[in-house]
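Before any comments, here is the structure.
In what follows, every heavy atom counts, from backbone to side chain, and hydrogens, waters and symmetry copies are set aside.
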Amino acid sequence: MSTTTAAAGTPTGAEVELAIGGMTCASCAARIEKKLNRMDGVEATVNYATEKAKVTYRGEDVSVQDLIATVEATGYTAKEPAPVRAVPEPGPEEAPAAADELRPLRQRLITATVLAVPVISMAMVPALQIEFWQWLSLTLTAPVVTYAAWPFHRAAWTNARHGAATMDTLISVGTSAAFAWSLWALFFGTAGTPGMTHAFELTISRSDGAGNIYLEAAAGVTAFILAGRYFEARSKRKAGAALKALLELGAKSVTVLRDGGRGREETIPTAELAVGDHFLVRPGEKIATDGTVVEGTSAVDASMLTGESVPVEVAPGDTVTGATLNAGGRLVVRATRIGADTQLARMAKLVEDAQNGKAAAQRLADKISAVFVPVVIALALGTLGFWLGNGAGLTAAFTAAVAVLIIACPCALGLATPTALMVGTGRGAQLGILIKGPEVLETTRKVDTIVLDKTGTVTTGKMTLLAVHTAPGTTETEVLRLAGALEHASEHPIAQAVAAGATDRTGGPLPTPEDFANVPGLGVQGIVEGHAVLVGRSKLLTEWAMSLPVELERARQEAEAAGRTAIAVAWDGEARAVLEVADAVKDTSAEAIRLLRALGLTPILLTGDNQAVAESVAREVGIDEVIAEVMPEDKVDVVKKLQAEGRSVAMVGDGVNDAAALAQADLGLAMGTGTDAAIEAGDLTLVRGDLLAAADAIRLSRKTLGTIKSNLFWAFAYNVAALPLAASGLLNPMIAGAAMAFSSVFVVGNSLRLRGFKAATD
């Protein structure tokens with residue numbers, strides 16, 4: 001979406017976001033970016049992961065259509081994406097359309113796999129080489145090399161038109177050369193003779209190649225590479241899911257009060273809500289949009305959106321935010337902001353900007369192939385020319401040239417990343433860690449700072465009864481039984497925490513209160529087992545001419561100084577106890593901080609809670625640096641500021657308020673117990689919801705990346721070592737096949753070592 005239109009008078013510095021189609025690797029993104037930046041007054045960044053280009057341009061010189069035309073001239077597609085909506089309006093065809101995106105690739109993969117397996121089996125197992133087996137192999141391989149491998153051929157042609165070479169080029173040239181030579185050997189050589197078999201002569205000798213076929217290489221390489229592309233595409237399809245998950249938080253419908261809030265009730269879609277409308281929010285419902293309370297009092301749970309662990313008390317005149325939860329009484333709210341102006345929509349835009357601003361990761365295989373592919377093709381052409389010039393004959397010269405391409409064809413390279421990623425992610429899943437893709441791993445070695453959201457990450461994210469302070473002559477069981485019974489009748493989240501704690505600690509059912517009454521903003525009162533009980537703020541006791549004794553008053557002040565909620569309990573005209581309720585620190589958080597420090601990371605606690613709460617939690621778990629009272633928009637700025645200082649930042653969070661910061665960070669780790677928005681914005685998901693998993697995730701990611709790099713090295717090393725033999729015309733086809741097979745086996749075996757990875761606590 002552009003900040004201005006391209007028509008009439010677009011000002012200098014206009015900005016547009018383009019959805020790019022047709023990219024197959026990071027090299028494609030770099031090529032598009034280079035072409036756009038060559039235009040006068042244009043600055044562009046292209047992100048391969050999200051398939052978007054963010055472009056700043058001078059509107060008087062360049063239009064959006066000019067930008068789109070430049071991208072299309074480069075061989076790709078471009079269009080302006082739909083604008084961000086505050087409330088999603090999915091059509092009935094949306095889900096099937098999303099599923100259909102991968103259907104062509106999935107169909108090609110299934111075709112290649114089903115047909116390649118028998119071809120490879122017949123080539124490698126002599127017992128399966130029945131009479132005319134070579135012709136059966138040709139019949140099965142033809143659809144693989146033409147239909148299944150078509151994306152590689154198309155990408156190679158696009159690259160060639162622009163003077164570039166990538167892995168697609170080598171795959172296309174290698175499989176095409178293997179298939180073409182096999183056709184020549186079958187129709188014009190001796191390979192088509194009935195009863196022909198592949199001999200297993202592991203000797204180095206010159207061959208004219210007339211009796212050799214390479215169909216298993218053509219079919220196998222295609223199937224392997226398609227499998228890697230399919231799983232990569234599935235991960236990339238989730239790139240926009242964080243944005244969708246954010247928008248899904250909003251209420252889909254709302255009850256509007258007509259005639260200035262005094263008339264009939266009408267339920268309408270939230271998208272039809274207008275500024276100034278009065279709408280009703282019942283207990284347990286989401287607030288439809290940003291507004292001001294005009295009637296009622298309640299507690300609003302905003303933890304998923306703002307990071308505040310303590311529910312916020314609201315009354316007439318207070319502002320409320322859309323997508324937060326009404327945890328208490330009935331509210332009537334006047335809408336003040338709707339659509340793209342709401343806080344939820346602005347946060348969605350922050351996530352989108354952060355994702356698009358993240359530097360596109362250069363895939364390791366494409367980095368190497370940028371040099372390797374042209375060298376191999378040049379070597380093959382040089383080999384052909386050399387042997388023709390030395391009078392070796394066309395057959396021998398072409399055999400040597402094809403051998404160069406075949407031995408260099410990336411069979412093991414196609415396995416290098418997917419197998420390590422598959423084993424690493426499989427082991428990670430067992431440990432409660434989900435790794436989204438290979439590009440994520442590249443940043444794990446570099447991170448030196450880890451920013452930890454407090455609520456739901458370091459702490460449990462829910463209110464818990466932590467301590468009970470009693471007056472002399474009063475037992476804890478007695479306090480919990482009476483206070484818990486009264487609080488159990490309240491809908492307030494803090495009251496529910498007291499009731500749950502009382503039930504757990506007393507080990508039995510709580511009595512039923514009589515004459516229960518809620519005192520707005522102060523607490524609750526009622527009769528429990530014949531006692532007149534008050535539970536709430538100390539001000540509630542004051543209104544009944546009661547005060548806390550010195551020791552309980554000290555406990556209340558200390559609790560509030562530590563950022564905890566202090567609840568006074570009295571019955572029969574006397575103050576009896578003070579209860580402490582707060583968001584409890586997880587049992588494993590302190591140990592997790594120690595392990596993260598051992599990995600060379602500096603922990604920082606980041607939260608929307610107040611300074612006292614944050615410092616109390618930080619002291620408990622061993623964190624020195626605290627950044628508190630941070631609004632959701634400012635969390636992104638904190639991460640950016642740390643990055644500007646030269647730090648490589650990892651972010652751990654679980655709430656919607658963390659989603660944009662997770663996307664902005666160099667490495668985002670989302671707690672799996674959190675919101676979908678946070679999970680989709682993160683690079684790694686910690687399914688266990690345990691901070692210890694963060695340390696394991698970084699260790700496993702670094703180990704997996706190391707395995708991928710060693711796989712890539714050996715995948716090339718075996719082939720490169722055999723290239724001189726191939727160019728000399730001395731490479732027996734079975735040696736080429738054995739070298740390729742051994743390199744693949746080595747890559748798989750090296751990847752399987754990741755199954756032995758152990759968690760730090762094992």
Side-chain angles (χ1 to χ4, degrees), residues 299-303 306-313 327-328 452-471 474 476 479-480 483-484 486-488 490 492-505 521-524 534-542 547-570 575-590 593 605-623 626-630 654-655 691:
V300 174
D301 183 358
S303 60
T306 66
E308 290 284 352
S309 56
V310 179
V312 179
E313 301 284 349
L452 305 168
D453 173 60
K454 182 188 75 68
T455 306
T457 302
V458 178
T459 65
T460 61
K462 61 181 181 180
M463 304 304 288
T464 305
L465 177 62
L466 298 181
V468 179
H469 304 277
T470 61
T474 303
E476 179 176 314
V479 170
L480 292 177
L486 205 57
E487 294 283 57
H488 186 66
S490 172
H492 197 289
I494 293 178
Q496 290 299 304
V498 172
T503 301
D504 291 340
R505 296 194 186 195
L522 294 180
V524 292
L534 300 175
V535 181
R537 298 183 179 181
S538 58
K539 187 178 178 181
L540 177 62
L541 275 63
T542 302
S547 60
L548 294 172
V550 176
E551 62 273 17
L552 292 184
E553 177 61 24
R554 185 184 305 113
R556 183 190 68 80
Q557 293 176 359
E558 290 176 352
E560 292 181 350
R564 298 177 176 180
T565 299
I567 303 170
V569 181
R576 308 280 185 160
V578 168
L579 311 179
E580 289 188 31
V581 175
D583 183 9
V585 173
K586 293 179 181 178
D587 295 337
T588 57
S589 292
I593 298 302
L605 188 66
L606 179 66
T607 180
D609 266 345
N610 63 63
Q611 190 73 27
V613 173
E615 290 181 353
S616 174
V617 171
R619 284 194 301 271
E620 189 171 344
V621 299
I623 297 177
V626 175
I627 305 175
E629 300 178 18
V630 179
D654 77 322
L691 194 55

What heavy-atom pair brings [X] and [Y] nearest, and what distance separates the two atoms?
X      : Y      : answer
Gly484 : Ala502 : CA-CB, 3.8 Å
Leu548 : Ala577 : CD2-O, 4.5 Å
Glu620 : Val585 : OE1-CG2, 3.5 Å
Ser547 : Ala575 : O-CB, 3.6 Å
Ala628 : Ala614 : CB-CB, 3.7 Å
Val581 : Leu465 : CG2-CD1, 4.2 Å

Distance check, rounded to the nearest 0.5 Å: [X] atom [atom1] versus [Y] atom [atom2]?
X      : Y      : atom1 : atom2 : value
Ile593 : Ile623 : CD1   : CD1   : 4.0 Å
Lys454 : Ser616 : NZ    : OG    : 9.5 Å
Thr470 : Glu551 : OG1   : CD    : 9.0 Å
Glu629 : Leu606 : CD    : CG    : 12.0 Å

With the side chain counted from C-beta on, respond yes when [X] and [Y] share a heavy-atom pair under 4.5 Å apart, and no when they do not.
X      : Y      : result
Arg505 : Val468 : yes
Glu487 : Gln496 : no
Thr474 : Val479 : yes
Ile567 : Val578 : no

Donor + acceptor pair across side chains of His469, Glu580 (<3.5 Å):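 There is such a pair (donor and acceptor under 3.5 Å, judged by atom type) between the side chains of His469 and Glu580.
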Side chains of Asp453 and Thr607, donor plus acceptor under 3.5 Å: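 The criterion, which ignores hydrogens and geometry beyond distance, is not satisfied for Thr607 and Asp453.
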Ser490 side-chain N/O to His492 backbone N/O, donor-acceptor pair under 3.5 Å: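 Present.
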Audit row: Leu452, Leu691, side-chain contact (heavy atoms from CB on, under 4.5 Å) steps and yes/no: CA-CA 9 Å; Leu452 305 168; Leu691 194 55; 4.0 Å; yes
From Val498, Leu466, Ile494, residue fulfilling side-chain contact (heavy atoms from CB on, under 4.5 Å) relative to Thr565: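 For Thr565, the side-chain contact (heavy atoms from CB on, under 4.5 Å) test succeeds with only one of Val498, Leu466, Ile494, which is Ile494.
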The single option from Val458, Val626, Asp583 passing side-chain contact (heavy atoms from CB on, under 4.5 Å) against Val617: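 So the option named by the test is Val458.
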Charged N-O contact under 4.0 Å between Arg556 and Glu560: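 Looking at Glu560 together with Arg556, the answer is yes, because their closest N to O distance falls below 4.0 Å.
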